[in-house]
Amino acid sequence: MANTLPPTYDRNGRHPLSPEVDHDETARFNFLTNLNVHLGQRVSPGNRSAFEKRVRPKFKKETGKELETSQQVRDAMRTDPFYQCWAALRRNTMEQRQQAGRHVILRQLDDLVGEAKRYNDGKKTLEIDKNAEVPRYLAAVDNHCMPGSYYSEVVPDDILAGANYEAGVFVTTAGSMSSKGDGGGRSIVNFVKQKFPDFAPKRILDLGAGIGVNTLPLAAAFPDAEVVAVDAGAPMVRWGHARAQALGYDNVRFIHADGDALDLDPNSFDWVQTTMFWHETSTAAIYSMTKKVHDLMAPGGLFLNVEQPNFTPDTPLYDRFTRDWDSWYNNEPFWSKLHTMDVFEVMAKAGFDADKMFDGGTEADIERGQFQPWSSTVSRHKAESKDSGDAKHNAYKGERWYLFGGWK
Ligand SMILES: C[S@@+](CC[C@H](N)C(=O)[O-])C[C@H]1O[C@@H](n2cnc3c(N)ncnc32)[C@H](O)[C@@H]1O
């Protein structure tokens, strides 16, 4: 029988820059990870029954109509005490995860800033633009309850947002992204190697790369390529560069820039990757940056994106509501637009040919053997959507990530 408990935080991979995580901090991370899983596996099924047994019949009785949209379900569910309890706890796990991560980093911030500087200073592979503007939509919200989001700086040469991101990704994903948190990147490499075995990119751009946790598997898979990781958050870029150096990667250049204002050679990249990026950008920015990407790509180049999949016409109403939840209550205001937006139309407007576009899924690469079998079977979203009838397009079902893209 599969283990029903997540791995423990101390099984997480470490590198020379990793912060010290003491006994109580480890216990806090473990508690939050398990609470996340418990809410997803054990408690959230009660929401479905609240919906079917109480909320939907009540709405019908009071209005004489059926619920039709996920927003209507949200408004109706808001009055149900069971759901209220789950939603408050769910939101709280994210807030606590941020505070727990920040606690670990803040108490040793001076040391970590100093260590990162040691890896960063004088390196041509790191570009920080003191005048770079934070995109307006990014500055508007503390993304997924992360105080100060990706870009705020509390000390000179700040790395807090980046180090906090890395420290807590285990909790947020309940250990399902492997011991280095790079399951996304390794899944992408598997997809590319299987689907396009002759593809040999010489220049790779990862847009919205964050700390590059999912960039490094690309650099490892194509060691002769020049890899460029771009992000709008200076603390993300500083930490990402230092981390990459500490892990021995010197073929990855980190650039701090708004993707919309990126000043790189046109027609020069054989592969542009985005991973869980578009759901953190505005609708206008998806259009403008996809156009930018098209301009930067070399003829014959690959554009590949890992994202939230669209709803399909047969996505059940309740599943629409659960999949939209993060937009409303997890400070992910642009999350749900990916459920309805036509990404093929976005690519077409940017200049991609319809007959060179594709989508698909890839198995999650969870680094079998590192964690117990549990980690391949559970994630919060997967647990919440496991009853879904939307097997084909639910990227979390059957351990699959959703990808879309096109060739130039
Ligand atoms: C959810 S994170 C994903 C990071 C990374 N791709 C990964 O897989 O871990 C989204 C990242 O997009 C960055 N971002 C958002 N808008 C951006 C923009 N206009 N230009 C560059 N980076 C941006 C944020 O700073 C953040 O680090």
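The shown structure was predicted, so the numbers you read here are calculated from the model rather than taken from an experiment. Just so you know, these numbers use all the heavy atoms, side chains as well, and skip hydrogens, waters and symmetry mates.
The two residues Cys145 and Asn331 have their closest heavy-atom pair at N-CB, 3.6 Å. Contact record, Leu317 with Glu68: CD1-O, 3.3 Å, taken as the closest heavy-atom pair. The two atoms that bring Thr283 and Met341 nearest to each other are CG2-CE, 3.6 Å, heavy atoms only. Heavy atoms only, all atoms of each residue included: Ala221 and Lys193 are closest at O-NZ, 3.4 Å. Between Gly210 and Asp231 the shortest heavy-atom distance is N-OD2, 2.7 Å.
Contacts of Asp121 classified as side-chain hydrogen bond (donor to acceptor under 3.5 Å, both in side chains), with partners at least two apart in sequence or in another chain: Lys117. For the side-chain contact (heavy atoms from CB on, under 4.5 Å) test, residues two or more places apart in sequence or in another chain that qualify with Pro333 are Val141. Under the side-chain hydrogen bond (donor to acceptor under 3.5 Å, both in side chains) criterion, Arg136 pairs with no residue, sequence neighbours left out. With sequence neighbours left out, the side-chain contact (heavy atoms from CB on, under 4.5 Å) criterion links Ala139 to Val134, Tyr151. With sequence neighbours excluded, no residue satisfies side-chain contact (heavy atoms from CB on, under 4.5 Å) with Pro266. A search for side-chain hydrogen bond (donor to acceptor under 3.5 Å, both in side chains) contacts involving Glu153 returns Arg238, not counting sequence neighbours. Applying the side-chain hydrogen bond (donor to acceptor under 3.5 Å, both in side chains) rule to Glu66 yields the partners Lys60; only residues at least two apart in sequence or on another chain are considered. For Ser282, the side-chain contact (heavy atoms from CB on, under 4.5 Å) partners at least two apart in sequence or on another chain are Tyr137, Ala284, Ala285, Phe334.
Proximity of Val169 to Val213: side-chain heavy atoms (C-beta onward) are nowhere separated by under 4.5 Å. Put simply, the side chain of Val104 reaches to within 4.5 Å of the side chain of Phe29, judged on heavy atoms. You'll find the side chain of Leu106 reaches within 4.5 Å of the side chain of Leu109, heavy atoms only. Inter-residue side-chain proximity for Ser49 and Phe82 is flagged as unmet; no heavy-atom pair is nearer than 4.5 Å. When side chains are defined from C-beta on, His15 counts as touching Glu166, because their heavy atoms get closer than 4.5 Å. Contact check for Phe254 versus Thr125: no side-chain heavy atoms found under the 4.5 Å cut-off.
Results of the side chain to side chain contact (heavy atoms under 4.5 Å, CB included) test with Arg74 over Gln71, Gln72, Met77 single out Gln71 as the only residue that passes. Tested against Pro6 for a side chain to side chain contact (heavy atoms under 4.5 Å, CB included), the candidates Thr173, Asn36, Thr33, Asn30 yield a single pass: Thr33.
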Side chain to side chain donor-acceptor pair (under 3.5 Å) between Asp10 and Thr26, worked out: CA-CA 7 Å; Asp10 57 344; Thr26 303; over 6 Å; no
Pair Lys124-Asp250, salt bridge (Lys or Arg N to Asp or Glu O under 4.0 Å): steps then yes or no: CA-CA 10 Å; Lys124 288 202 173 90; Asp250 46 24; over 6 Å; no
Stepwise side-chain contact (heavy atoms from CB on, under 4.5 Å) check, Glu127 with Val230: CA-CA 10 Å; Glu127 293 172 31; Val230 170; over 6 Å; no
Residues Leu296, Lys408; criterion side-chain contact (heavy atoms from CB on, under 4.5 Å); working and verdict: CA-CA 10 Å; Leu296 291 173; Lys408 180 167 172 182; over 6 Å; no
Worked verdict on Arg28 versus Glu25 for salt bridge (Lys or Arg N to Asp or Glu O under 4.0 Å): CA-CA 5 Å; Arg28 199 170 294 133; Glu25 290 161 341; 5.4 Å; no
Trace of the side-chain contact (heavy atoms from CB on, under 4.5 Å) decision for Leu218 with Trp271: CA-CA 10 Å; Leu218 277 54; Trp271 179 2; 3.7 Å; yes
Trp278/Val343 under side-chain contact (heavy atoms from CB on, under 4.5 Å): CA gap, chis, key distance, verdict: CA-CA 10 Å; Trp278 297 118; Val343 289; over 6 Å; no
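Residue Phe277 holds its CZ atom at 10.5 Å from NE2 of His279, rounded to the nearest 0.5 Å. Here the straight-line distance linking atom CG of Leu138 with atom CG of Asp258 works out to 8.5 Å at 0.5 Å rounding. Atoms CZ and CG, from Arg243 and Leu216 in turn, are 5.5 Å apart once rounded to the nearest 0.5 Å.
The aromatic rings of Tyr402 and Phe404 are tilted relative to each other, their planes meeting at an angle between 30° and 60°. Trp325 and Tyr329 have tilted rings, their planes meeting at an angle from 30° to 60° on a 0 to 90° scale. Between Tyr165 and His144, the ring planes are tilted. Angles from 30° to 60° get that label.
With respect to Arg186 and Asp182, a salt bridge is recorded, a charged nitrogen being found less than 4.0 Å from a carboxylate O. Under the 4.0 Å criterion applied to side-chain N and carboxylate O atoms, Asp75 and Arg78 are assigned as salt-bridge partners.
More than 12 heavy atoms of other residues, nucleotides or ligands sit less than 6.0 Å from atom CG of Asp342. Atom NZ of Lys123 sits in a crowded spot, with more than 12 heavy atoms from other residues, nucleotides or ligands closer than 6.0 Å. Summarising the local packing, CD of Glu133 is surrounded by 12 or fewer heavy atoms from other residues, nucleotides or ligands at distances under 6.0 Å.
Residue pairs meeting the salt bridge (charged side-chain N to carboxylate O under 4.0 Å, His left out) criterion with at least one partner in residues 261-277, sequence neighbours excluded, are absent. The stretch residues 31-54 participates, sequence neighbours left out, in these ring-ring contact (aromatic ring centres under 6.0 Å, His included) pairs: Phe51-Tyr318. Pairs engaging residues 218-230 under the salt bridge (charged side-chain N to carboxylate O under 4.0 Å, His left out) rule: Arg203-Glu226, Glu226-Arg253 [sequence neighbours left out].
Looking only at atom types and distance, the side chain of Asn164 has a donor-acceptor partner in the side chain of Gln98 under 3.5 Å away. Ser70 and Asp324 are linked by a side-chain donor-acceptor pair at a separation below 3.5 angstrom, with hydrogens and angles left out of the test.
Between the Thr315 side chain and the Phe311 main chain, no donor and acceptor come within less than 3.5 Å of each other. A donor-acceptor distance shorter than 3.5 angstrom exists from the side chain of Thr362 to the backbone of Ser187, with no hydrogens or angles considered. A donor-acceptor distance shorter than 3.5 angstrom exists from the side chain of Thr322 to the backbone of Asp319, with no hydrogens or angles considered. Side-chain atoms of Thr290 do not come within 3.5 Å of backbone N or O of Val346 as any donor-acceptor pair.
For Phe196 and Trp407, the gap between ring centers is short of 6.0 Å.
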List, one per line, each side-chain donor-acceptor pair under 3.5 Å for residues 347-358, sequence neighbours excluded.
from: Lys349; atom 1: NZ; to: Glu345; atom 2: OE2; distance (Å): 3.3

